[in-house]
Amino acid sequence: MGMAVRGTRTPYGLIVNDTSGAATTFHQVGGEGVCQWKTLFNGGHLVGDWNIVEHLTIEPGGSVGEHVHTRTEEIYYILNGEAEMRMNGVPFTAREGDLITTPIGAAHSIANRTGRDMQFFVVEVFPQDGPAAETATVNVPSLLAQQQRRAVVDLRPFFTGDWRTFGLVEVPGGGIVARETPDESTEVLYVVKGTAEFEVDGRRYTGGPGRCFAIQPHIDWRATALSPLTMISTEVGVR
């Protein structure tokens, strides 16, 4: 999406956020109980067809009510805890490390029936033309290679929109991970566990769980793990 100034599309640069300062919502989308909800990045500030990036905490007994995706496609990634979900009327349990895809036209809900908070990460992207795919659940940590400790899920088969990849990386304390975001995509990084010192586009940040970065195309980033580090990454294409 992005902004335009006198007809010229003008993207933002690096955007940095965390999960502090969430709003308290009651009966979210007609659900039950209490959620803590925060928009991490507005898609209008990112290059590509992003709609929104969010973080949600569902307190015990709470839920997000059933809703139909008529305008966006969506992924949920369960950061911790256990969720009871319904997708197109079919119930199932989602656990830490599960990635759930929601194509255009699908209906879903998510509830926390346990005694502790459950947290998940959300990305919504605008669709393109083409037939909707089937919903899917992928346990991403099970894909981690023993040596590289990195897993990548190709999101393109699950959606019509310009999704690219969802990745999970584990870095031992003292380890370093670095890359340049490709010209053809925008990347969102999110720290799941551990603490790291980041250098992104020449700026330095230190952060732990909930620290996140929206990195526009062709920007270098580097993370030095100050303790064992787990991060997730979502990439969406630039058309």
Side-chain angles (χ1 to χ4, degrees), residues 17-41 51-69 72-103 106-124 134-144 149 151 153 155 158 166-171 188-196 207-212 227-234:
N17 207 346
D18 59 38
T19 54
S20 63
T24 299
T25 64
F26 300 88
H27 309 295
Q28 189 159 333
V29 200
E32 302 171 319
V34 179
C35 297
Q36 303 294 327
W37 166 81
K38 183 172 182 178
T39 296
L40 298 174
F41 304 109
N51 177 45
I52 202 166
V53 181
E54 301 170 308
H55 178 273
L56 275 89
T57 300
I58 302 183
E59 297 183 5
S63 68
V64 176
E66 185 176 68
H67 54 285
V68 179
H69 276 258
T72 60
E73 301 171 326
E74 184 175 46
I75 59 171
Y76 282 178
Y77 183 75
I78 308 299
L79 296 166
N80 55 58
E82 181 178 288
E84 294 302 315
M85 293 197 65
R86 291 183 69 87
M87 183 74 74
N88 295 328
V90 178
F92 64 97
T93 301
R95 297 180 173 85
E96 181 176 327
D98 282 346
L99 175 72
I100 301 99
T101 68
T102 305
H108 65 176
S109 63
I110 182 168
N112 181 4
R113 305 304 184 199
T114 71
R116 65 186 183 97
D117 288 351
M118 184 271 294
Q119 297 180 327
F120 61 107
F121 175 83
V122 181
V123 178
E124 293 186 38
E134 297 294 322
T135 64
T137 300
V138 180
N139 184 262
V140 184
S142 69
L143 305 178
L144 286 169
R149 304 308 299 168
V153 178
L155 296 173
F158 303 111
F166 181 90
L168 173 70
V169 61
E170 293 182 346
V171 185
V188 167
L189 289 177
Y190 178 94
V191 177
V192 179
K193 297 176 183 177
T195 304
R211 171 65 80 182
C212 48
S227 63
L229 179 69
T230 301
M231 294 192 303
I232 54 175
S233 166
T234 308

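Fair warning: this is a prediction, and the values are worked out from it, not measured in the lab.
To the nearest 0.5 Å, atoms CG (Leu168) and CG (Leu99) are separated by 10.5 Å. Atom CG of Asn51 is separated from atom CD of Glu74 by 9.0 Å, given to the nearest 0.5 angstrom. Summarising the geometry, atom OG1 belonging to Thr24 is positioned 11.5 Å from atom CH2 belonging to Trp37; distances are rounded to the nearest 0.5 Å. Here Thr195 contributes atom OG1 and Arg211 contributes atom CZ; the two are 11.0 Å apart, rounded to the nearest 0.5 Å. Remark: Glu59 CD to Thr25 OG1 distance equals 9.0 Å, nearest 0.5 Å. A distance of 8.5 Å separates CG in Asn88 from OG1 in Thr102, rounded to the nearest 0.5 Å.
Not one N or O on the side chain of Asn112 forms a donor-acceptor pair closer than 3.5 Å with the backbone of Gly61. Within the 3.5 Å criterion, the main-chain N or O of Ile78 finds no donor-acceptor partner in the side chain of Asp98. A distance-only check finds a donor-acceptor pair linking the side chain of Ser63 to the backbone of Glu32 [under 3.5 Å]. Checking side-chain atoms of Thr101 against main-chain N and O of Ala136 turns up a donor-acceptor pair under 3.5 Å.
The shortest heavy-atom contact between Leu189 and Ser233 is CD2-CB, 3.8 Å. The heavy-atom pair separating Gln28 from Cys35 by the smallest distance is OE1-CB, 3.6 Å. For the residue pair Pro141 and Gly97, the shortest heavy atom distance occurs at CD-O, 3.2 Å.
Screening residues 79-91 for salt bridge (charged side-chain N to carboxylate O under 4.0 Å, His left out) gives Glu82-Arg95 as the qualifying pairs, with residues at least two apart or on separate chains.
Taking the side chain as every heavy atom from C-beta outward, Asp117 and Gln36 never approach each other to under 4.5 Å. For the pair Ile110 and Met118, the minimum side-chain heavy-atom distance is below 4.5 Å. For the pair Phe120 and Ile58, the minimum side-chain heavy-atom distance is below 4.5 Å. Side chains of Tyr77 and Thr234 form no contact here, defined as non-hydrogen atoms less than 4.5 Å apart. Taking 4.5 Å as the limit, every side-chain heavy atom of Val169 sits out of range of all side-chain heavy atoms of Leu229. Two residues are said to be in side-chain contact when any heavy atoms from C-beta on lie closer than 4.5 Å; Leu40 and Val188 fail this criterion.
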Q.
Would Phe41 and Cys212 count as a side chain to side chain contact (heavy atoms under 4.5 Å, CB included) here? Give the steps.
A. CA-CA 9 Å; Phe41 304 109; Cys212 48; 3.8 Å; yes

Q.
Asn17 vs Thr39, test: side chain to side chain contact (heavy atoms under 4.5 Å, CB included). Steps then yes/no.
A. CA-CA 10 Å; Asn17 207 346; Thr39 296; over 6 Å; no

Q. Between Asp18 and Lys38, does a side chain to side chain contact (heavy atoms under 4.5 Å, CB included) hold up when you go through it step by step?
A. CA-CA 9 Å; Asp18 59 38; Lys38 183 172 182 178; 3.8 Å; yes

**Q.** Candidate pair Ile232 and Val140, rule side chain to side chain contact (heavy atoms under 4.5 Å, CB included), full reasoning
**A.** CA-CA 10 Å; Ile232 54 175; Val140 184; over 6 Å; no

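Of the listed residues (Ile52, Val53, Ile75), just one forms a side chain to side chain contact (heavy atoms under 4.5 Å, CB included) with Glu124, and that residue is Ile52.
Note on Lys193 versus Glu96: salt bridge recorded, some NZ/NE/NH1/NH2 to OD/OE distance being below 4.0 Å.
Listed by chain and residue number, His69, His108 satisfy the ring-ring contact (aromatic ring centres under 6.0 Å, His included) test with His67 (two or more places apart in sequence, or in another chain).
The aromatic rings of His55 and Tyr190 sit parallel to each other, their planes meeting at less than 30°, with 60° as the upper class boundary.
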